[in-house]
Student: 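Questions regarding the structure given below will be posed in turn.
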Amino acid sequence: MRILQLSDPHLVAADQGLVRGRLALAHVEQALRVGCAMDPDLVLVTGDLCQDESWGGYVRLRTALTNHVRCKVALVPGNHDHPLLLDAVLGRACVTGPADFVVRGVRLVLLNSHKVSSAAGQLGLAQLQWLERRLQCSERRDLPLVVALHHPPIAIGDDGMDAIRLLDQDSLEAVLRPHLALRSVLFGHIHQHWQGHWATRPDVSLLGCPSTLCSFKAVQACPLDRAGDPGGRLLDLTSDGDLQHQVLRWSDVSPSLSGIRGRP
């Protein structure tokens, strides 16, 4: 099963709307053209879908997905999102978090880490309890498992970003730790490639995704030596749990009016 992960498009209601000096809609359309040419089974967008949290911004995303994507689409909200509007505009066409579903023998669990009026994320007790119950499902327990959310479930080594990561990351790790089928946790928010693991589960890849819009100063070297370019990630998983992944980069579609350094 092949997943195309994109993240942090930061769309706005206007077609020509600029975010951080870049045309947000043109950038996400470029990402979809490049990524969908690789024939994914699932397009996953890990949050900060709509910078201005507007109905129009989500309509722009729906149109872009309709025009470019021919497979299942999964979306999780980020801090720059309005979860109710997201569900209202895209909930019938896409899977939105929280959700638990299977694609070609791989189980995916989407989580909602949006915290009202906060750049940091939080799952909350109710969602963590829901996750724990879902993971007890005997019919899906042995399927390779991928979990996706917006906020990093671990410190990445950047003081600013680490201050606004997932606030209840220890609770998430505790819920996920016993599940041996877990192969990866995917996240956005950090606008850069990042790869690591929990000390308690070194076999589980924690993977941060570049933004389709703009990059922040990188903590780790980009494997493609293109840390400033928009990008995404491609993941291939087999039914026996083997995971291969690679960073994707493509050329910017418009000149940036701002520097590489930024914040979500």
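We number each residue from 1, following the sequence as shown.
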Student: Mind checking whether F216 and I190 have side chains closer than 4.5 Å, heavy atoms only?
Tutor: no
Student: Does the side chain of Q246 reach to within under 4.5 Å of the side chain of R233, using non-hydrogen atoms?
Tutor: no
Student: Are H193 and P223 close enough that some pair of their side-chain heavy atoms sits under 4.5 Å apart?
Tutor: yes
Student: Would the distance check show the side chain of R140 and the main-chain N or O of V102 forming a donor-acceptor pair, the cut-off being under 3.5 Å?
Tutor: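 Side chain of R140 to backbone of V102, a donor-acceptor pair under 3.5 Å: no, none is there.
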Student: Taking the side chain as C-beta and beyond, is there a heavy-atom pair between L167 and Q169 under 4.5 Å?
Tutor: no
Student: For P230 and T212, work out which heavy atoms get closest and say how close.
Tutor: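 What the structure gives for the nearest pair is CB-O, 3.4 Å.
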Student: Minimum heavy-atom separation for T200 and P202, please, with both atom names.
Tutor: C-CD, 3.6 Å
Student: Looking at the rings of H114 and H150, which for Trp means the six-membered one, are their centres under 6.0 Å apart?
Tutor: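 They do not qualify: ring centres at least 6.0 Å apart.
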Student: Evaluate the side-chain proximity of L243 to T238: yes if any heavy-atom separation is below 4.5 Å, no if none is.
Tutor: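 Counting from C-beta outward, T238 and L243 never come under 4.5 Å.
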Student: Whether R183 and D242 form a salt bridge (side-chain N of Lys/Arg under 4.0 Å from carboxylate O of Asp/Glu) is what I want to check.
Tutor: no
Student: Identify whether L25 and V19 are in the same connected component of the hydrophobic contact network (ILVMFWY, side-chain heavy atoms under 4.5 Å).
Tutor: no
Student: For D225, is the CG atom crowded, meaning more than 12 foreign heavy atoms sit under 6.0 Å from it?
Tutor: no
Student: Looking at every non-hydrogen atom in both residues, tell me the closest pair between S184 and L207 and how far apart they are.
Tutor: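 The answer is OG-CD1, 3.6 Å.
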Student: Indicate if L90 and L6 have the same hydrophobic cluster label, given that clusters are the connected sets of ILVMFWY residues with side-chain heavy-atom separations under 4.5 angstrom.
Tutor: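 In one cluster: yes.
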Student: How many angstroms lie between atom CG of L206 and atom CD of E173, to the nearest 0.5 angstrom?
Tutor: 8.5 Å
Student: Taking the side chain as every heavy atom from C-beta outward, state whether Q136 and R141 have any pair of such atoms under 4.5 Å apart.
Tutor: no
Student: Surrounding CZ of R134 (heavy atoms of other residues, nucleotides or ligands, distance under 6.0 Å), is the total greater than 12?
Tutor: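 Yes, CZ of R134 has more than 12 neighbouring heavy atoms, counting only those of other groups under 6.0 Å.
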Student: Quick check: do R165 and I156 have side-chain heavy atoms less than 4.5 Å from each other?
Tutor: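 No, too far: nothing below the 4.5 Å cut-off.
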Student: To check you understand the geometry: which heavy-atom pair defines the closest contact between Q5 and C209, and what is its length?
Tutor: NE2-CB, 3.4 Å
Student: Would you say D162's side chain and G157's backbone share a donor-acceptor pair under 3.5 angstrom?
Tutor: yes
Student: Got a donor-acceptor contact below 3.5 angstrom from the Q30 side chain to the A26 backbone?
Tutor: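 No; zero donor-acceptor contacts below 3.5 Å.
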Student: Which atom pair, heavy atoms only, marks the closest approach of M1 to V103?
Tutor: CG-O, 3.4 Å
Student: Salt bridge check, D41 against K72: does any charged N sit closer than 4.0 Å to a carboxylate O?
Tutor: no
Student: Answer yes if V76 and V69 sit in the same cluster of Ile, Leu, Val, Met, Phe, Trp and Tyr residues linked by side chain heavy atoms under 4.5 Å apart, and no otherwise.
Tutor: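 V76 does not cluster with V69.
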Student: Could you walk me through whether H245 and Q195 pass side chain to side chain contact (heavy atoms under 4.5 Å, CB included), step by step?
Tutor: CA-CA 11 Å; H245 56 87; Q195 180 176 350; 3.5 Å; yes
Student: What about H80 and H189, are their ring centers closer than 6.0 Å?
Tutor: no
Student: Give the C-alpha distance, both sets of side-chain angles, the deciding distance and a yes or no for salt bridge (charged side-chain N to carboxylate O under 4.0 Å, His left out) between D252 and R22.
Tutor: CA-CA 9 Å; D252 194 359; R22 296 168 185 254; 2.7 Å; yes
Student: Any side-chain to backbone donor/acceptor pair from R33 onto V28? Under 3.5 Å, distance only.
Tutor: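 It does not hold such a pair.
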Student: Can H82 and E53 be said to form a side-chain hydrogen bond (donor to acceptor under 3.5 Å, both in side chains), step by step?
Tutor: CA-CA 5 Å; H82 191 303; E53 302 179 19; 6.0 Å; no
Student: Looking only at atom types and distance, does a side-chain atom of Q244 sit under 3.5 Å from a main-chain N or O of L235, one as donor and one as acceptor?
Tutor: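 Looks like no, no N/O pair under 3.5 Å.
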Student: Given Y58, which of L11, D87, V89, T63 fulfils the side chain to side chain contact (heavy atoms under 4.5 Å, CB included) condition?
Tutor: V89
Student: Output yes when R2 and D39 qualify as a salt bridge under the 4.0 Å nitrogen-oxygen rule, no when they do not.
Tutor: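 Judged by the 4.0 Å cut-off on N to carboxylate O distance, R2 and D39 do not form a salt bridge.
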Student: So which heavy atom on L234 is nearest to which on M38, and how close?
Tutor: CD2-SD, 3.8 Å
Student: Does a side-chain heavy-atom distance below 4.5 Å link L131 with V109?
Tutor: yes
Student: Between D48 and H191, is the side-chain hydrogen bond (donor to acceptor under 3.5 Å, both in side chains) condition met? List the steps.
Tutor: CA-CA 10 Å; D48 279 5; H191 288 229; 4.9 Å; no
Student: Hey, is the main chain of A64 close enough, under 3.5 Å, to the side chain of E29 for a donor-acceptor pair?
Tutor: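 No, the answer is negative, given that no donor and acceptor are paired below the 3.5 Å cut-off.
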Student: From the options S7, S211, S113, select the one residue that forms a side-chain hydrogen bond (donor to acceptor under 3.5 Å, both in side chains) with T46.
Tutor: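 It is S7; the other options fail the test.
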